[in-house]
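Everything on this sheet refers to the single structure shown next.
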Amino acid sequence: MILLKLLWRIKLQIQAVRGFRDVLPGEVALWHKVEEIARSVLERYGFREIRIPILEKTELFSRSIGESTDIVEKEMYTFTDRSGISLTMRPEATAGILRAYIEHSLFQLEPVSKLYCIGPMFRHERPQKGRYRQFHQINAEVLGSSDPRTDAELLALLRTLFEELGLGELDFQLNSLGCPRCRPGFRSKVAEYLGSKKAHLCSDCQRRLMTNPLRVYDCKVATCKEALAGAPVILDELCQECGAHFLSVQKNLSLLGVPFSVNPFIVRGLDYYRRTTFEVVSSDLGAQNAVCGGGRYDGLIGELGGPDLPGIGFAIGEERLVSILQGRAGVPSFSLDLFLAALGEEATEKAFFYLDKARRLGLKAEMDLRGGSLKAQMRRANKLGSRRLLILGEDELSRGVATVKDMDGGTQVEIPLEELESAMAGWKEACSQRG
Ligand code: AMP
């Protein structure tokens, strides 16, 4: 019978969509910390927030990310809405930010725009640890500058951000993908080389050979990796301008003390990249070890109908950052300034009144409205990590006082009820000074 009831309950329960996860309250403090530090660093480096819609016209992504990319070919959440328009839930943010930049002529406001955006992205990938179908990114874009110092500045920003998050040990991997002048030559050399290795490639890569041979460099299948040993390297094929640009990026990174390594196999999964591309990799993560990816996309603004201006940006995966930070010391936890415990109806009414007063004065205050014994309420105060415990029992009530216990030091004082409000204001003042 019990088993039957349990099965019935499970049947009634609706679960989250596969690959979509809940961020529960215990984890949210870390998300706040990551976003707070990210905003602070981004704004110090001159970035301003932009908020863009989750839904865009499908064409925006197919035109920018590229028809033959994995994202556009098989990962987008695309549907036709009630007016018959094909819409897609954004799989990344750059396309939407550029659309907004062009639509609102932001390029007329300043020669170089630095924009950032934080929010969810959607890709129908195979879910696994570190890979979800709804995930969150912190995106930053610099639009209007092709100067290699801009590339170095963006990577220096990432270095500062990761340092302030306490992640010093990340690996910054850098490459250049060349430009429309030098990449086609490289691409045909790759196609020719991989053509001779076709039998060793996975079925996806055999198809990529026809549509987008560079994508093979991204494949994780062992035989494809082996087939790439001895493959042409883009850095040998760069034109003079791209070569000089890449050297200058590296020189400026050294000037700013940003450690990096050159990895000629970083091709990135999106078609729009040109010249500098990079990934930031952590050894603390499993198979999905990239924390951040980005690069330059000169030409894309023009292709989307805007002026011919260069651009560069990055996207950090928030789930992966949070996952590295989890379990480390200094994880912020939810704590209270004040817990009010009361015994008896009259005392509970008074405590309820002071609970609201405390909150209006700016204190994080709580009480257990279910009542219960004083002992049970004190246990709750402890569990919530309250800094102070205010007790209003029948004895206190009859004498017109409240007992206030400092949970850190263990000291206890009695405060007359008519002085309670100003005492609470003083606690608030002390909290603000302590930060
Ligand atoms: P991309 O937009 O593919 O260049 O990815 C940028 C960053 O977003 C990656 O380095 C990951 O940290 C994160 N990311 C990308 N796809 C996913 C996913 N499906 N689930 C979780 N994080 C992701």
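Ligands are counted one by one from 1 in listed order, and the atoms in each one are counted from 1 as well.
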Donor-acceptor side-chain pairing of Glu141 and Tyr297 below 3.5 angstrom:
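Yes - a donor-acceptor pair under 3.5 Å links their side chains.
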
Please could you name the atoms of ligand 1 that [X] approaches to less than 4.0 Å, counting only its heavy atoms?
X	value
Ala315	6 (C), 7 (C)
Glu125	16 (N), 18 (C), 19 (N)
Cys292	10 (O)
Ala290	9 (C), 10 (O), 11 (C), 12 (O)
Arg123	1 (P), 2 (O), 3 (O), 15 (C), 16 (N)
Gly130	20 (N), 21 (C), 22 (N)

Which bit of Glu319 is near ligand 1, meaning a heavy atom under 4.0 Å away: side chain, backbone, both or neither?
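Neither; no heavy atom under 4.0 Å.
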
Is Val280 touching ligand 1 with its side chain, its backbone, both, or neither, if touching means heavy atoms under 4.0 Å apart?
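Neither part.
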
Thr150 side chain vs Ser145 backbone, donor-acceptor pair below 3.5 Å:
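No, because the side chain of Thr150 does not come within donor-acceptor range (under 3.5 Å) of the backbone of Ser145.
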
Whether Glu319 side chain and His136 backbone form a donor-acceptor pair below 3.5 Å
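Side chain of Glu319 to backbone of His136: a pair is present.
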
Please give me the minimum heavy-atom distance between Arg320 and Ala290, naming the atom from each residue.
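Heavy atoms of Arg320 and Ala290 come nearest at NH1-O, 2.8 Å.
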
For Phe260 and Ser254, work out which heavy atoms get closest and say how close.
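Taking every non-hydrogen atom into account, CE2-OG, 4.0 Å.
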
Check: Gln137 N/O within less than 3.5 Å of ligand 1 N/O
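Yes; the residue has a nitrogen or oxygen that sits under 3.5 Å from a nitrogen or oxygen of the ligand.
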
Can you check whether Phe135 has an N/O within less than 3.5 Å of an N/O in ligand 1?
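For ligand 1, there is no N or O atom that lies under 3.5 Å from one belonging to Phe135.
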
Name every donor-acceptor pair, under 3.5 Å, that has one atom in a side chain of residues 304-318 and the other anywhere in the protein, sequence neighbours excluded.
none

Passes ring-ring contact (aromatic ring centres under 6.0 Å, His included), Tyr116 versus Phe47? Steps please.
CA-CA 6 Å; Tyr116 79 89; Phe47 286 76; 7.2 Å; no

